[in-house]
Amino acid sequence: MRGVAEVKETCSLPMLSVDMENKENGSVGVKNSMENGRPPDPADWAVMDVVNYFRTAGFEEQASAFQEQEIDGKSLLLMTRNDVLTGLQLKLGPALKIYEYHVKPLQTKHLKNNSS
């Protein structure tokens, strides 16, 4: 039996950091620090980050409304209680929970972290 020579390849690529504030859909580019696959600041979330957030939170059925309405992180942070209760055409119970336990706390946390 012949021995197989060990092949080691080293590849050194520079770290790529993309930061495009004004993409066509309003989302931001790739960030190095991620939480659960999403950027830590909701303002940086793309539409699918918002959808996945609500799916993970247990709102599988309602998450599609955020995708249909193209709600990204910036849009999410601008939503009022009325927007969530009527604009997304969700059932009242889940809509109230989404706003009170998710949208409102995300808005509060974002404002606290970004006020100087």
Side-chain angles (χ1 to χ4, degrees):
M1 224 196 256
R2 289 179 82 179
V4 177
E6 187 176 325
V7 177
K8 288 186 179 178
E9 271 188 51
T10 58
C11 183
S12 177
L13 296 174
M15 182 69 101
L16 178 64
S17 177
V18 180
D19 188 13
M20 299 182 295
E21 272 302 317
N22 297 317
K23 278 189 168 178
E24 191 174 316
N25 65 358
S27 67
V28 193
V30 177
K31 299 285 185 182
N32 286 337
S33 60
M34 302 289 262
E35 289 179 3
N36 299 320
R38 294 182 298 273
D41 185 354
D44 297 332
W45 292 359
V47 173
M48 286 312 298
D49 293 323
V50 173
V51 170
N52 290 331
Y53 171 83
F54 286 108
R55 284 183 178 152
T56 303
F59 295 99
E60 180 73 34
E61 188 177 320
Q62 293 78 15
S64 61
F66 290 89
Q67 186 171 11
E68 289 166 10
Q69 295 298 320
E70 299 178 6
I71 304 294
D72 62 5
K74 288 178 181 148
S75 300
L76 182 69
L77 294 173
L78 292 171
M79 293 185 83
T80 64
R81 183 175 186 269
N82 192 50
D83 292 333
V84 176
L85 296 182
T86 61
L88 296 175
Q89 300 175 343
L90 302 174
K91 290 183 180 178
L92 184 58
L96 286 167
K97 292 174 189 168
I98 286 170
Y99 182 76
E100 290 298 324
Y101 300 126
H102 297 281
V103 175
K104 192 173 167 182
L106 286 169
Q107 291 170 334
T108 302
K109 182 180 175 186
H110 175 75
L111 287 173
K112 184 191 283 189
N113 291 342
N114 291 294
S115 63
S116 303

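The basis for the numbers below is simple: all heavy atoms, side chains too, and nothing from hydrogens, waters or symmetry mates.
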In this structure, CG of Leu76 is separated from CD1 of Ile98 (nearest 0.5 Å) by 10.0 Å
According to side chain to side chain contact (heavy atoms under 4.5 Å, CB included), who are the partners of Gln89, at least two apart in sequence or on a separate chain? none
Between atom CG of Leu77 and atom CE of Met79, what is the distance when rounded to the nearest 0.5 Å? 10.5 Å
Residues 104-114 vs salt bridge (charged side-chain N to carboxylate O under 4.0 Å, His left out), sequence neighbours excluded, gives Glu100-Lys104
Passes side-chain contact (heavy atoms from CB on, under 4.5 Å), Gln62 versus Leu88? Steps please. CA-CA 9 Å; Gln62 293 78 15; Leu88 296 175; over 6 Å; no
Distance, nearest 0.5 Å, that separates OG1 of Thr80 from OH of Tyr99: 7.0 Å
Here the gap from Thr86 atom OG1 to Arg81 atom CZ, rounded to the nearest 0.5 Å, amounts to 10.5 Å
Note: Leu106 and Pro42 closest approach over all heavy atoms is CD2-CG, 3.8 Å
Can Gln107 and Val103 be said to form a side-chain contact (heavy atoms from CB on, under 4.5 Å), step by step? CA-CA 6 Å; Gln107 291 170 334; Val103 175; 3.6 Å; yes
Output side-chain donor-acceptor pairs under 3.5 Å for residues 49-57, partner residues at least two apart or in another chain, one line each.
| from | atom 1 | to | atom 2 | distance (Å) |
| --- | --- | --- | --- | --- |
| Asp49 | OD2 | Ala46 | N | 2.9 |
| Asn52 | ND2 | Met48 | O | 3.1 |
| Tyr53 | OH | His102 | ND1 | 2.9 |
| Arg55 | NE | Glu60 | OE2 | 3.4 |
| Thr56 | OG1 | Asn52 | O | 2.8 |

